[in-house]
There are 2 protein chains.
Amino acid sequence: MDHPDEQGSPAKQGSPDEQGSLLLQDQLCFALYAASRSVTTRYRPLLEELGLTYPQYLVMLALWEQDSVSVRELGASLQLDSSTLSPLLKRLEAAGLISRRRRPDDERSVAVTLTRAGTELRERARSVPLAIGQAMGLTPEQDATAKQLLRLLTAHVNAAGTDRPGSS
Amino acid sequence: MDHPDEQGSPAKQGSPDEQGSLLLQDQLCFALYAASRSVTTRYRPLLEELGLTYPQYLVMLALWEQDSVSVRELGASLQLDSSTLSPLLKRLEAAGLISRRRRPDDERSVAVTLTRAGTELRERARSVPLAIGQAMGLTPEQDATAKQLLRLLTAHVNAAGTDRPGSS
DNA sequence: CCCGATTCAGTTGTGCACGATCTAATCGCG
DNA sequence: CGCGATTAGATCGTGCACAACTGAATCGGG
C-alpha cells in the first residue's frame, strides 16, 4: 500500500515555523509555481494533437460549458484580462475553432462563439482530463483536498489584493 | 446561477466522474493555474520595491541559499532551463545583483555569483515570505498539506513525463 | 441634447517559459 | 593522438501574462 511519502520528507528539523523562511524549498509559492509548470508541460503533447496550447484549452473548456460569451465573461471565468485573451482568441479564430462578432445590442461587446470544428473538438478532448488525472497520480481524496486548498488560497490572495475600498 | 455538482456527490470512489469531467471548475489543473497566477500577482508590488520580478526573486532565493552556482545547478533547483535562465540572469546582472564568469576549470560552465548589492538585498527581502503567507491565509497545517500534495503531484507528473517507454 | 464618466475590447511593451537549434569546451574510446 | 559524442550555455521563435494605454460605444446627469 503506497504512502504519499515517496518523495521523502528529509527531516527538516530546526525550523518549526517555515512561514518566514527564505529557503526555496520551504516556499509554498515555489511548490505552486513548479507544480503548475509541470502540469502544463505534461499537457503539452496531448493538446498538441488537438492543435491547442494549454491556455487555449482552458478557453475551449469554458466555451464547451457555455457557448457565445463575451470576452469579458471569458476573462471572469479564467481570471484573465483582454490583453491576454485578445491575441489568444485571434489565434483560435485563425485555427477555425471560434468566431467573434460584435453584439448588435452593444457594439462594445464581442461575442465569442464556437464554430462547428470547435464544437466537434470536444469529443477529441474527452480523454484528456483522465489522462492528466492519472499522470498526477493523486487519490480522489488528495485531488479534492488539493482543489479545495488551492481555491481557498486563491480566494484569500485575491481578496487581499483586491483591497476593498470604502472599508478601512 | 446554476453550478452543478461541486461537492454534492458523496460518491468519490467507484465512480471518479469528476476525473473525466470537462467542466472548468472541476479541473485541478485550472485551480493550480489560477492559484499560481494569483500568488505571483500578489507578490508583484512587494517585489517591485526590490526591483525584482517573481522568477528573479526565486533565483535570488536560490542564490541566497547557495552562492556561486552554475546556470545548470540553478536550473536544477528551479526546474528551469538555460533558455529561460540566460536572459533572466542577464537582467539580474544588468541590475548589478549578480555577476557571471566562466569557470577556469571548465570553460563550458558559468558561475553565477552574488554581488555585494545582491547579498545585501536579502535583508530587504526578509519580510516578503511572511507577508505572502499572511495573504494566503492558510493555517500552518493547510500550508504543510498543500506543499506536500503539490510536491507529490509534481513528482508524479515529472516521472510520467520523463518516462521513456523503452518497450522491449 | 450634450458632455463627462464608464465600459469593453484591443494594442503595446516587458518579461517569462519552452522547444529547437547553435557553438564551444570537454570527455571517451580506440 | 584523433574524432565522434556529450555537456553547458546562449539564441531564436512562439505564445502566454500583465500593466498601461487607446479608442469606440454606451450611460447618466443636467
Side-chain angles (χ1 to χ4, degrees), chain A residues 29-30 33-45 47-48 51-60 69-76 78-95 98 100-112 158 161-162, chain B residues 29-30 33-45 47-48 51-60 69-76 78-95 98 100-112 158 161-162:
Chain A
C29 73
F30 175 64
Y33 167 79
S36 182
R37 285 188 300 108
S38 286
V39 169
T40 63
T41 296
R42 191 69 183 73
Y43 266 99
R44 199 181 315 279
L47 297 181
E48 209 163 316
L52 295 174
T53 65
Y54 180 71
Q56 287 169 11
Y57 166 72
L58 295 179
V59 167
M60 294 304 287
V69 293
S70 68
V71 174
R72 173 175 162 59
E73 288 165 326
L74 265 182
L78 300 167
Q79 302 182 211
L80 290 171
D81 73 351
S82 69
S83 61
T84 298
L85 285 175
S86 284
L88 190 156
L89 293 172
K90 199 176 283 187
R91 282 185 283 271
L92 284 179
E93 188 173 39
I98 65 167
R100 291 184 298 165
R101 63 190 111 88
R102 295 273 163 189
R103 288 227 154 101
D105 56 321
D106 187 344
E107 293 271 339
R108 291 172 304 178
S109 202
V110 166
V112 179
N158 285 345
T162 311
Chain B
C29 73
F30 175 64
Y33 167 79
S36 182
R37 284 188 300 108
S38 286
V39 168
T40 62
T41 297
R42 191 70 184 71
Y43 265 99
R44 199 181 315 279
L47 297 181
E48 208 163 318
L52 295 174
T53 65
Y54 181 70
Q56 287 169 11
Y57 166 72
L58 295 179
V59 166
M60 294 305 286
V69 292
S70 68
V71 173
R72 172 173 164 61
E73 288 164 327
L74 266 180
L78 300 166
Q79 300 182 211
L80 291 170
D81 73 349
S82 70
S83 62
T84 298
L85 285 175
S86 283
L88 190 158
L89 293 173
K90 200 177 282 188
R91 283 184 283 271
L92 284 179
E93 187 173 40
I98 64 166
R100 290 185 298 164
R101 62 189 111 87
R102 295 276 164 185
R103 289 227 152 101
D105 55 322
D106 186 345
E107 292 271 338
R108 293 173 303 178
S109 201
V110 168
V112 179
N158 286 344
T162 309

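All values below were derived from every heavy atom in this structure, side-chain atoms included, with hydrogens, water molecules and symmetry-related copies excluded. Note that the structure is a prediction, hence the values are computed from the model and not measured. In what follows, every chain begins at residue 1, and chains take the letters A, B, ... in the order their sequences are listed.
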Rounded distance (Å) that lies between atom [atom2] of [N] and atom [atom1] of [X]:
X      : N      : atom1 : atom2 : answer
A:R101 : C:dA9  : CZ    : P     : 14 Å
B:D105 : C:dT26 : CG    : C1'   : 11 Å
B:L85  : C:dA17 : CG    : C1'   : 10 Å
B:L78  : C:dA17 : CG    : C1'   : 13 Å
A:L80  : C:dG10 : CG    : P     : 14 Å
B:R72  : C:dA24 : CZ    : P     : 21 Å
A:D81  : C:dC8  : CG    : C1'   : 12 Å

Going by an N to O cut-off under 4.0 Å, is there a salt bridge joining B:R102 and B:E107?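 Looking at B:E107 together with B:R102, the answer is no, because their closest N to O distance does not fall below 4.0 Å.
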
Rounded to the nearest 0.5 Å, what separation is found between the [atom1] atom of [X] and the [atom2] atom of [Y]?
X     : Y     : atom1 : atom2 : result
B:F30 : A:Q79 : CZ    : CD    : 5.5 Å
A:L89 : A:L74 : CG    : CG    : 6.0 Å
A:L92 : A:L88 : CG    : CG    : 5.5 Å

For B:R91, which residues count as a side chain to side chain donor-acceptor pair (under 3.5 Å) partner, sequence neighbours excluded?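 Listed in chain order: nothing, the list is empty.
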
Between A:R37 and A:E73, name the one whose nearest nucleotide on DNA chain C is closer to the 5' end. A:E73

Nucleotide interval of DNA chain D bounded by contacts with chain B (heavy-atom cut-off, under 4.0 Å):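 The contacted stretch runs from D:dT7 to D:dC18.
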
At 4.0 Å (heavy atoms only), tell me whether B:R103 reaches a base, stays on the sugar-phosphate, or touches nothing. nothing

With sugar-phosphate meaning primed atoms plus P, OP1 and OP2, does A:T41 contact a base, only sugar-phosphate, or nothing at under 4.0 Å between heavy atoms? sugar-phosphate

Locate the shortest heavy-atom distance separating A:N158 from B:S38; write the atom from each residue and the value.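 That would be OD1-OG, 3.0 Å.
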
Do A:V110 and A:R103 have side chains that get closer than 4.5 Å, going by heavy atoms?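 When only atoms from C-beta onward are counted, A:R103 and A:V110 do not touch, as no gap falls below 4.5 Å.
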
Flag side-chain contact, heavy atom, 4.5 Å: A:K90 against A:R100: yes

Nucleotides 11-16 of chain C: protein proximity per nucleotide (B base, S sugar-phosphate only, - neither; heavy atom, under 4.0 Å): BB--SS

Indicate the ring-plane relationship of A:Y33 and B:Y54, choosing parallel, tilted or perpendicular according to the 30° and 60° boundaries.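 Ring orientation, 0 to 90° scale: perpendicular.
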
From the set C:dA24, C:dG19, C:dC8, return the single nucleotide nearest to any side-chain atom of A:R108.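 Of the candidates, C:dC8 comes closest.
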
